[in-house]
Amino acid sequence: MAAAEAISIKELPREKLDNEKRRKKKESVILEKVIKHSLQSRWALWFFKNVKSQPWQCNLRLVTTFNTVEDFWSLYTHIQLASKLSSGCDYSLFKDGIEPMWEDSRNKRGGRWLITLSKQQRHSDLDALWLETLLCLIGEAFDEYSEEVCGAVINIRAKGDKIAIWTRETENREAVTHIGKVYKERLGLSSKVVIGYQAHADTATKSSSLSKNKFVV
Ligand code: MGP
């Protein structure tokens with residue numbers, strides 16, 4: 001079939017050949033749209049590996065961006081599970097155009113809903129919680145407040161891993177609390193578990209590793 005097609009294309013005059021190429025390109029774009037399912041936003045995956053001799057920002061690398069369900073799964077199944085990364089590494093998934101750092105203009109007035117895990121949970125819970133976090137993001141799970149979401153970060157740390165959803169404005173109380181409630185429910189956390197929301201401005205200036213919670217759910 002492909003060989004027969006190649007022969008017939010070769011025999012076409014130049015103008016017809018160009019038209020044929022254009023038709024085929026259009027066809028493949030349409031086919032891609034039919035086969036692939038678009039996400040509402042384009043997302044960027046970042047990887048951080050701690051090299052202490054370098055400034056923090058130099059250790060951050062953009063892996064790739066995607067905007068379809070299929071491309072998300074193909075990326076997810078190709079990269080290392082979070083639980084297999086070495087200590088000091090992070091993955092971040094952010095809306096394309098927002099850098100996963102406090103300084104980005106879309107993050108600087110925002111904060112994060114933080115899930116802190118025990119060392120034992122790396123093996124029992126971490127990968128499932130991170131996957132659910134990713135699905136909340138790409139599925140825009142927070143109703144009309146999904147626009148407030150900037151991204152999510154997973155920190156692999158010897159002292160205990162962390163997962164957080166970053167939102168853009170700490171002052172949008174209604175949006176922040178809605179996102180926190182839905183997130184807690186999606187993670188299947190018991191109502192007895194309390195999770196906290198911290199402003200990046202506080203995290204960035206904190207002296208201990210605990211900054212105060214602005215909201216809890
Ligand atoms: P971390 O990687 O978020 O948490 O921040 P970790 O390693 O668990 O440390 P802890 O302090 O929360 O216990 C570690 C350090 O990385 C910070 O103290 C900053 O020096 C740097 N860092 C982290 N973030 C998210 C940023 C950021 O957005 N911008 C800049 N400039 N530095 C950051």
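Ligands are counted one by one from 1 in listed order, and the atoms in each one are counted from 1 as well. This is a predicted model, so every value here is computed, not measured.
Under a 4.0 Å criterion applied to the non-hydrogen atoms of Arg157, ligand 1 contributes the atoms 1 (P), 2 (O), 6 (P), 7 (O), 8 (O). For ligand 1, the atoms lying closer than 4.0 Å to a non-hydrogen atom of Lys159 are 6 (P), 8 (O), 9 (O), 10 (P), 13 (O). Close contacts between ligand 1 and Met101 involve ligand atoms 28 (O) [criterion: under 4.0 Å to a heavy atom].
Note on residues 131-142: pairs passing salt bridge (Lys or Arg N to Asp or Glu O under 4.0 Å), not counting sequence neighbours, are Glu132-Arg186.
Surrounding CD of Glu70 are more than 12 heavy atoms belonging to other residues, nucleotides or ligands, all under 6.0 Å away.
With Trp113 contributing its side chain and Val176 its backbone, the two residues share a donor-acceptor pair below 3.5 Å.
Residues satisfying the salt bridge (Lys or Arg N to Asp or Glu O under 4.0 Å) test with Asp90, not counting sequence neighbours, are Arg157.
Residue Lys162 places a heavy atom under 4.0 Å from ligand 1.
Using a 3.5 Å distance cut-off with no hydrogens or angles, the side chains of His178 and Asp143 do pair a donor with an acceptor.
With distances taken over non-hydrogen atoms, the option nearest atom 30 (C) of ligand 1 out of Lys108, His200, Glu99, Glu103 is Glu103.
Contacts between Trp56 and ligand 1 below 4.0 angstrom, taking non-hydrogen atoms only, involve the side chain exclusively.
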